[in-house]
Amino acid sequence: MWFWLWTGLIAAWLVGVFFGLRWLWRQVKALMEAASAAADKAGTAADSANSAFEPAPVPEVAVFAKPEDLMERVQARWDRKAARRRRRQERHQAAYDAWAVLAGYRDAGPDGIGRLAGELGLAGSLGRPNRQDRPAGKACASAYLGGAN
């Protein structure tokens, strides 16, 4: 009797192990398919991202360049920097004006200076220094490059 009981228990355990391993195999297989699909999507996304951006141009070597060419490059950089500075100051000025109107420092009218800004003599700038009052960059660069202009 004990023989048939233990044989039945072992057979039931083997059937359970079979179904458990089959379930585990199906789960691992589904996980690998999902990981493969995700890797394919990530690869295509990386390829499209790489193709969307072009690498920055490599600047030419300036060791043997003429000072005039260097001055033109420096002046072009300064012009781009000044343009960015002007755009940033315009954005900041718009934000300052909006906050000044909300805070009551200025009137909402196009040329109305509010009570506090007018009293303090800060009409138009609210006390911020103007960065455009620097010396001309070309004079600084020509002095730096040894007077070549």
Side-chain angles (χ1 to χ4, degrees), residues 1-112 114 116-117 122 124-146 148:
M1 170 92 173
W2 287 106
F3 173 76
W4 294 112
L5 180 68
W6 281 105
T7 304
L9 287 174
I10 290 173
W13 178 79
L14 287 173
V15 169
V17 167
F18 169 75
F19 284 113
L21 288 177
R22 187 180 71 166
W23 174 83
L24 183 63
W25 171 253
R26 289 180 179 173
Q27 293 294 322
V28 168
K29 194 167 119 179
L31 179 66
M32 290 300 156
E33 288 174 359
S36 175
D40 290 341
K41 280 187 179 181
T44 57
D47 291 341
S48 65
N50 287 338
S51 65
F53 298 104
E54 296 179 11
V58 178
E60 59 189 47
V61 178
V63 175
F64 301 110
K66 297 178 185 176
E68 294 83 17
D69 296 338
L70 290 176
M71 185 60 216
E72 289 174 8
R73 288 175 58 188
V74 169
Q75 188 63 41
R77 285 182 78 186
W78 285 346
D79 292 342
R80 288 191 307 268
K81 186 176 179 180
R84 287 193 309 265
R85 183 184 304 123
R86 280 192 302 274
R87 287 193 305 268
R88 184 176 59 244
Q89 285 177 348
E90 289 169 2
R91 286 193 318 265
H92 290 180
Q93 186 64 42
Y96 294 145
D97 291 342
W99 280 105
V101 168
L102 288 175
Y105 294 135
R106 292 191 188 163
D107 295 332
D111 60 343
L116 188 57
L122 303 175
S125 69
L126 288 179
R128 291 182 310 280
N130 188 0
R131 297 180 71 179
Q132 297 296 332
D133 294 336
R134 296 179 178 176
K138 193 168 187 176
C140 293
S142 63
Y144 177 73
L145 293 174

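What you see is a predicted model; the values in this text were computed from it and never measured.
At least one side-chain heavy atom of Trp78 sits less than 4.5 Å from a side-chain heavy atom of Val74. Taking the side chain as every heavy atom from C-beta outward, Trp2 and Leu5 approach each other to under 4.5 Å.
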Give every donor-acceptor pair under 3.5 Å between a side-chain atom in residues 32-46 and any protein atom, sequence neighbours left out.
residue	atom	partner	partner atom	Å
Thr44	OG1	Asp40	O	3.3
Thr44	OG1	Lys41	O	2.9

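Taken to the nearest 0.5 Å, the CZ atom of Arg26 stands 8.0 Å off from the NZ atom of Lys29. Rounding to the nearest 0.5 Å gives a distance of 13.0 Å between CG of Leu70 and CD of Gln75. Atom CZ of Arg85 sits about 6.0 Å away from atom NZ of Lys81, to the nearest 0.5 Å.
When Val17, Val15, Leu9 are each tested for a side-chain contact (heavy atoms from CB on, under 4.5 Å) with Trp13, only one passes: Val17.
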